[in-house]
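A note on names: the letters A, B, ... follow the listed sequences, proteins ahead of strands, and every chain is numbered from 1.
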Number of protein chains: 2
Amino acid sequence: MLLSKSCVYGLRASLYLAAREQGEFIPIRNMSDKLEISFHFLTKILQQLTAEGILESFKGPNGGVRLTREGSEIQLIDIVLAIDGPQLLTECALGLPGCGVKNPCPLHDKWAETRDAIHEMLEKTTLTELVRKGKAENLRLTTDGGFDILFEN
Amino acid sequence: MLLSKSCVYGLRASLYLAAREQGEFIPIRNMSDKLEISFHFLTKILQQLTAEGILESFKGPNGGVRLTREGSEIQLIDIVLAIDGPQLLTECALGLPGCGVKNPCPLHDKWAETRDAIHEMLEKTTLTELVRKGKAENLRLTTDGGFDILFEN
DNA sequence: CCTATTTTGGATAAAAGAGTCTCAATAATG
DNA sequence: CATTATTGAGACTCTTTTATCCAAAATAGG
Ligand code: SF4
Ligand code: SF4
């Protein structure tokens, strides 16, 4: 898998947050229910995002979690780096240690291109962009049910 | 990681085989020594490749393993599919089950592009191509030491 | 026929990833 | 102040991946 499960959950939750009113703290329990992710597990992941400064949290009643910046200023890569670290973008196809341009493997040139494509995709895509698309076309963030259903009531 | 470790080992071993004389059975022990991969682990992986018809094996003295086809007719994707299965090419960025074009998530369009790029790279690259490049530029397949060193003595 | 070499296959162990549970800390509300 | 809602943090369990080990089957060569 390209992204770890933690990372995918982090992305889905971030999209959820980006789709809500800015400034509003959302309880993690709400998200875990709507997104069908284990509450405790999601909590852990969001703690990482909080530690990395992507989210901020507030304890107690009416507490929860929210984005520190606008969704339009958060790229997917920010979340991927916060959760999975930079390996994806530095690591190699053949997984040789200390790899790079100076001491490449035969796959390096081709892999570097592909890796750049992945990097670019993650870097150029913002949360808001996906939220807009998701809303416009009612695309799903969970196994079943479209985008809208997540934000009802 | 994009590819599992098993898969990477399988690729490296396949490159090794493609670089040797066609028709010659190479003992797995040789490869595991040269490539610095655990013998037993590599054995398991190559058994999979044998089961998938990418390699054929021969027991006993002078036995070993060799490619069934010419290296120029084996694409990287063949090995990836044999070891990691098709998930990489069918699975989604957001990992939602039963995903596809009919019921996409907001990332689908972008991810599908990236995934196609990966697919194309793996599909268009043959073992021989990489072996040629590796020989020509003495590129490494192990932590240290170039291509040549693997095939000495 | 015997021995050495090599793959096959299964059992087992260690490490990493995914997920669960419990309790403490913080804050709102009556 | 007591209660309740919520995040924070750590221990713990389960699963998958990675790795090790061992005995059995096949084969070449003497
Ligand atoms: S040379 Fe490039 S592709 Fe190969 S292992 Fe190193 S970084 Fe990866
Ligand atoms: S819609 Fe596409 S990108 Fe999204 S989870 Fe499904 S296959 Fe993956």
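- Protein chain A touches strand DNA chain C; the 5'-most and 3'-most nucleotides with an atom under 4.0 angstrom of its non-hydrogen atoms are C:dA18 to C:dT29.
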Revision key, fill the gap. Per-nt protein contacts along nucleotides 23-30 of chain D (heavy atom under 4.0 Å; B base, S backbone sugar-phosphate only, - none) come out as ---BBBS-
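- Counting non-hydrogen atoms under 4.0 angstrom, A:Leu46 reaches nothing in the nucleic acid.
- Between the side chain of A:Arg140 and the main chain of A:Gly145, no donor-acceptor pair closer than 3.5 Å is present.
- A:Leu49 has its CG atom 14 Å from the P atom of D:dA9, to the nearest Å.
- Put simply, CG on B:Leu35 is 14 Å from P on D:dA19, counting in whole angstrom units.
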Distances under 3.5 Å between nitrogen or oxygen atoms of protein and nucleotides 12-18 of chain D:
unit_1 : atom_1 : unit_2 : atom_2 : d
D:dT18 : OP1    : B:Lys5 : N      : 3.1

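- To the nearest angstrom, P of D:dA11 lies 17 Å from NE2 of A:His40.
- Counting non-hydrogen atoms of other residues, nucleotides and ligands closer than 6.0 Å to CD of A:Glu21 gives a total of 12 or fewer.
- Using a 4.0 Å heavy-atom cutoff across all strands shown, B:Leu55 reaches no nucleic acid atom at all.
- For CD of B:Glu113, the number of neighbouring non-hydrogen atoms (other residues, nucleotides, ligands) closer than 6.0 Å is 12 at most.
- Straight-line distance from the CD1 atom of B:Ile37 to the P atom of D:dA19: 9 Å, rounded to whole Å.
- Once rounded to the nearest 0.5 Å, the distance linking CG of A:Leu107 with CZ of B:Arg12 reads 12.0 Å.
- Annotation: A:Arg132, atom CZ; neighbour count of heavy atoms from other residues, nucleotides and ligands within 6.0 Å does not exceed 12.
- Between A:Leu89 and A:Val80, every side-chain heavy-atom pair lies at or beyond the 4.5 Å cut-off.
- Judged by distance alone, the side chain of A:Thr68 and the main-chain N or O of A:Ile54 form a donor-acceptor pair under 3.5 Å.
- Heavy-atom contacts from other residues, nucleotides or ligands closer than 6.0 Å to CD of B:Gln22 number more than 12.
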